[in-house]
2 protein chains.
Amino acid sequence: MTPEERRRQLLGIGLRKFVDRPVQELSLDEVAAEAGVSRGLLFHYFPTKTAYHEAVVAAAGRRVLRTLRPDDGVTGEAAVRQIVERFVAQVDRRRGFYLAFVYGQIGLPAGAAGPRQDVAIGLRRNISGLVCTAMGYAAPLTPVVHAWVAYVEDLALQHTEPGTSWGAGTAPLVDHCVALLPVLVALGPPA
Amino acid sequence: MTPEERRRQLLGIGLRKFVDRPVQELSLDEVAAEAGVSRGLLFHYFPTKTAYHEAVVAAAGRRVLRTLRPDDGVTGEAAVRQIVERFVAQVDRRRGFYLAFVYGQIGLPAGAAGPRQDVAIGLRRNISGLVCTAMGYAAPLTPVVHAWVAYVEDLALQHTEPGTSWGAGTAPLVDHCVALLPVLVALGPPA
DNA sequence: CGGCTTATTGAGCAATGCTCAATAGTATGC
DNA sequence: GCATACTATTGAGCATTGCTCAATAAGCCG
């Protein structure tokens, strides 16, 4: 097995496991056993346990972002609608995964200058980047869009909360979010 | 030292420590050493390591919520303004603490029926409860208010992000958030 | 085949989560 | 004031686990 495959295999195992429990509780023993390799090998691919965890979470972030990217040629509000639809659908289908991703996180460094990357917030930044390019929004609007992503994220998570689901389908939710964005922009940036 | 004091002491140590690093990396050895007690004693007060971590994070949540509660007699939009002001101020003053609280979280259970409590989302629910009673909002509006809290939280965190601070003071930010709430309500719930 | 690189192992160390029987210290009932 | 019950506290000890390192196996190129 080539190193590239190994790496992907190990990350894949992490991705499968991290839905069930917080990443930090995923022992390298377990990963090694599942992969059928020795514990020592993991340290050949990842310098430390947390490095492995970060790699897993980063992979999860890339995976989420990939499914959100709107179809080629679609722009403007239609693109935003696609993004929101896919986002809500994904949260709906794999609530545990997304929940674990956002809140079952590797902690952030207190000083922001640390080497660690905040992948959950990084994902928000990426999504808001998607939206901004789709709508042609410029720099001073990005904070608002960023916070709007947090808003959509929270609504989607609430919507899929077991037992508390208000409304049947996802359509009103998507409508609400898409309609909100221009309203926010009209409200003007908080600066 | 009475058990009540002990408990508070141990939680206090956790509260101080969990700003610097993710809670999960706080070893019981360290806590025991700092408290000047044996490791075994910790298991007399908390059944397991994660139980201790959860207790610490829950205490942090109570602490945050306490500072947000508006003054007696203040209601309506004025109360909302107070809440937002204090929230932003708190995030501003102790960014690391709040960041660690929301995102450096103990992971959530995949199945929602698990015994664990989601304290970060629980805090959001509590804050939105504060806002709803202040404004007299009824049940169908709560999801929107909840998501609005997420919006405010994200903006506040962005605002204190080192280097990326747009705008000088917190006033425009507070204005923006307070103004947004009735707009959201007017937009109607997504159901 | 011989030699180089590297993926891989396995032993071993130290930290740490956790258990448990023993102890010390305190309050209570008489 | 004494004995009893209770519990806070300890310390030894076990198993897991993050991590290191020297040794080995396995490919690859000449």
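Each chain gets a letter, A, B and so on, in the order its sequence line appears, and its residues count up from 1. Side-chain atoms are counted along with the backbone in the values below, which use heavy atoms only and exclude waters and symmetry mates.
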Closer than 4.0 angstrom, basic N to acidic O: yes or no for Glu161(B) and Arg125(A)? yes

Salt bridge or not for Asp92(B) and Arg86(B), using N-O below 4.0 Å? no

OP1, OP2 of dT9(D) versus side-chain N and O of His44(B): anything below 4.0 Å? no

Check this one for me: any side-chain N or O of Tyr45(A) less than 4.0 Å away from OP1 or OP2 of dT8(C)? yes

Walk me through it: do His146(A) and Gln158(B) pass the test side-chain hydrogen bond (donor to acceptor under 3.5 Å, both in side chains)? CA-CA 9 Å; His146(A) 193 280; Gln158(B) 281 189 77; 3.2 Å; yes

Flag the pair Phe43(B) / Tyr52(B) as yes when their ring centroid distance falls below 6.0 Å, and as no otherwise. no

Exercise answer: donor-acceptor pairs, residues 59-70 of chain A side-chain atoms, under 3.5 Å, sequence neighbours excluded:
from     : atom 1 : to       : atom 2 : distance (Å)
Thr67(A) : OG1    : Val64(A) : O      : 2.9
Thr67(A) : OG1    : Gln90(A) : OE1    : 2.5

Can you say whether the rings of Tyr151(B) and His176(B) are parallel (under 30°), tilted (30 to 60°) or perpendicular (over 60°)? parallel

Walk me through it: do Phe97(A) and Phe18(A) pass the test ring pair (Phe, Tyr, Trp, His ring centres under 6.0 Å)? CA-CA 8 Å; Phe97(A) 180 86; Phe18(A) 115 121; 5.4 Å; yes

Could you state the CD-C1' distance from Glu25(B) to dG17(C), rounded to the nearest angstrom? 16 Å

Given atom CG of Leu42(A) and atom P of dA7(C), what is their separation to the nearest angstrom? 14 Å

All N/O contacts under 3.5 Å from nucleotides 17-19 of chain D to the protein, with atom names and distances to one decimal?
from    : atom 1 : to       : atom 2 : distance (Å)
dT17(D) : OP2    : Asp29(A) : OD2    : 3.3
dG18(D) : OP2    : Leu28(A) : N      : 3.0
dG18(D) : N7     : Arg39(A) : NH1    : 3.2
dC19(D) : OP1    : Thr48(A) : OG1    : 2.7
dC19(D) : OP2    : Thr48(A) : OG1    : 3.1
dC19(D) : OP2    : Lys49(A) : N      : 2.5

Could you give the distance from CZ (Arg39(A)) to CG (Leu28(A)), rounded to the nearest 0.5 Å? 8.5 Å

Between the protein and nucleotides 22-27 of chain D, list the N/O to N/O atom pairs that are separated by less than 3.5 angstrom.
none

